[in-house]
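See structure below.
Lettering follows sequence order; numbering is per chain, from 1. Values in this document were obtained by computation on a predicted structure and should not be read as measured data.
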Protein chains: 2
Amino acid sequence: MTKTSEAKIVAAARRIVREQGCEALTQRAVAAAVGVKAPSLYKRFRDKAALLGAVRAEAFVDLEARLRAAAQGQPPAAAFLRIAAAFRAFAAECPDLYRLMFDPALQSADRAAESRALAPFEAALRNIVGAGQGASAAHAALSLLHGFVRLEIDGAAPSPGPHDEAFHFAVFALLQGMAQSEAKEPAPNAA
Amino acid sequence: MTKTSEAKIVAAARRIVREQGCEALTQRAVAAAVGVKAPSLYKRFRDKAALLGAVRAEAFVDLEARLRAAAQGQPPAAAFLRIAAAFRAFAAECPDLYRLMFDPALQSADRAAESRALAPFEAALRNIVGAGQGASAAHAALSLLHGFVRLEIDGAAPSPGPHDEAFHFAVFALLQGMAQSEAKEPAPNAA
DNA sequence: GTCTATACGACGATAGAC
DNA sequence: GTCTATCGTCGTATAGAC
C-alpha cells in the first residue's frame with residue numbers, strides 16, 4: 001500500500017520550492033503534493049532536515065550538469081565565461097532553490113554535493129591561472145558569481161534595471177585579472 | 001510613564017541579532033531586552049517589519065562609516081583594498097546582522113540605505129576604471145565581496161580552513177582586471 | 001504504510017483595562 | 001504607555017488504530 005516514494009517526495013518538495021518559495025515548503029504541503037498526510041513523510045525521511053538535504057543534493061547534481069554542459073569542448077577562457085552565464089541562468093530560473101542550496105542552516109549536511117558541483121570551475125580555471133592557484137581562482141569565481149546572483153535574485157543589486165552589462169563587466173574583469181596573476185607572486189600574506 | 005524609546009528598542013534588537021542570531025529576534029525577545037512586554041512595542045513600531053527596517057538602516061550607516069574610514073586619505077587602489085578588508089571584517093564580526101541587512105524580505109523597504117553605504121565603493125573605483133564604468137565596477141566589487149563573505153559566514157566556502165589567501169587573490173585579481181578594462185571597449189552585449 | 005487525532009510550542013498581533 | 005489576556009495561525013513531530 002505504498003502511495004508514494006522517496007523520489008516522488010523529493011520531486012514534490014523541489015517543485016514547491018521552485019513554484020512557491022522556500023517558506024511554502026512545509027511538511028503538510030509536501031505531503032499534500034504527493035497525496036498523503038504529513039505523518040507519512042516520517043516513514044521515508046527522519047525529519048524535515050533530511051528531506052531538505054535530499055532536495056539540496058539533487059539540485060547540486062543538476063547544477064553540475066549544466067555547468068559541465070556549458071564548458072563542454074570550450075577552451076578555458078570561453079569555458080569560464082559560459083560557466084558563469086550558466087550559473088547565473090540557473091539561479092535566475094529557480095531563485096528559491098538556489099537559496100536553499102546555499103542555506104546556512106543546511107551547510108553542515110552535505111559539503112561533498114557542493115564541491116562536486118563546483119568542480120567545473122576549477123577545471124576551467126586551472127589552465128588560466130598559475131600552478132597551485134586553481135583552488136583560489138575557483139573560490140574567487142564562485143564568490144563573484146554567488147554574490148552577483150544573490151544580489152540579483154534578492155533585489156539588492158545597486159541598480160534596479162537589468163544587470164547584463166554589469167555582469168559581463170565583472171566576469172570579464174575577474175577573468176582578465178586572474179589570467180595576469182599567473183606571473184605574479186602567489187598572494188602575499190600581509191596581516 | 002515611558003519605560004523605553006525607539007532608540008533603545010532598535011539597539012536591543014540589534015544586540016539580539018548580533019549575539020543570538022536572526023532567528024532569536026522575536027518581538028517578545030526584544031521587549032524583554034528593553035524591560036517591557038511585547039504589545040508595548042507596537043506603540044513605537046507599526047509591526048515587526050518596521051522595526052527590522054530601522055535596525056537595518058542603522059547597520060548600513062555603521063557599515064558606511066567603517067568603509068569611509070578605511071578609504072580615508074588613501075589613493076584609489078589602496079582605498080579599494082582597504083575597503084574590501086573592512087567590508088569582510090564587518091561581516092565577520094556580526095554575520096547575522098549582515099544577513100539581516102541583505103535579507104531579501106526586507107529589500108523593498110529602504111534601498112537608499114544600502115546605496116549610501118556603498119558609495120565609498122564607487123568613489124574609490126571611479127578613478128581606477130574608465131569613464132562611465134564606475135557603476136559597473138562598484139557592482140562588480142560588491143558582488144565579489146558579498147559572495148565571498150556570504151560563503152564564509154555561511155560555512156559554504158569551497159575550502160574549510162582560513163580564506164585569507166583566497167580573499168587576497170580574488171580582490172587583487174578583480175582590481176587588476178578592472179584597471180585594465182579602462183582601455184577596452186565597454187563590455188559587448190553578446191547574447 | 002497510511003491514516004486520524006493531537007500534543008506542543010512559537011510566533012505576530014489585537015482588545016481593552018488601568 | 002504599559003499591562004494582562006488572548007486570539008489565530010502555523011510549524012514539527014508522535015501515538016496508536018487500521
Contact check, side chains of A/Y98 and A/H146, non-hydrogen atoms, under 4.5 Å: yes
Using the 3.5 Å cut-off, write out each protein N or O paired with an N or O of nucleotides 13-16 of chain D and the distance between them.
from: D/dA13; atom 1: OP2; to: A/Y42; atom 2: OH; distance (Å): 3.0
from: D/dA13; atom 1: OP2; to: A/K48; atom 2: N; distance (Å): 3.2

Return no unless some side-chain N or O of A/T26 is found under 4.0 Å from OP1 or OP2 of D/dG11. yes
Side chain to side chain contact (heavy atoms under 4.5 Å, CB included) with A/I16: which of A/V55, A/D96, A/V30? A/V30
Please determine, for the side chain of B/K37, which listed nucleotide (D/dT2, D/dC3, C/dG1) has the closest atom? D/dC3
Select one nucleotide: of D/dG1, C/dT2, D/dT12, the one nearest the side-chain heavy atoms of A/S40. C/dT2
Within the structure provided, determine whether A/K43 and A/T4 are in side-chain contact (heavy-atom separation under 4.5 Å). no
Show every donor-acceptor pair shorter than 3.5 Å between a side-chain atom in residues 70-84 of chain A and any protein atom, with sequence neighbours excluded, or say none if there are none.
from: A/R82; atom 1: NE; to: A/A70; atom 2: O; distance (Å): 3.2

Using a 3.5 Å distance criterion without hydrogens, assess whether the side chain of B/R111 forms a donor-acceptor pair with backbone atoms of A/A157. yes
Nearest whole angstrom, please: distance from the C1' of D/dC3 to the NZ of B/K3. 9 Å
Interatomic distance, B/F45 CZ vs C/dG12 P [rounded to whole Å]: 15 Å
Taking only the side-chain nitrogens and oxygens of A/T4, find out if one of them lies under 4.0 Å from OP1 or OP2 of C/dT2. no
Take atom CG of B/L41 and atom P of D/dG1, then tell me their distance rounded to the nearest Å. 13 Å
Here the distance between atom P of D/dT12 and atom CD of B/E23, to the nearest Å, is 13 Å
Could you check whether A/H163 and A/F167 have their ring centres less than 6.0 Å apart? no
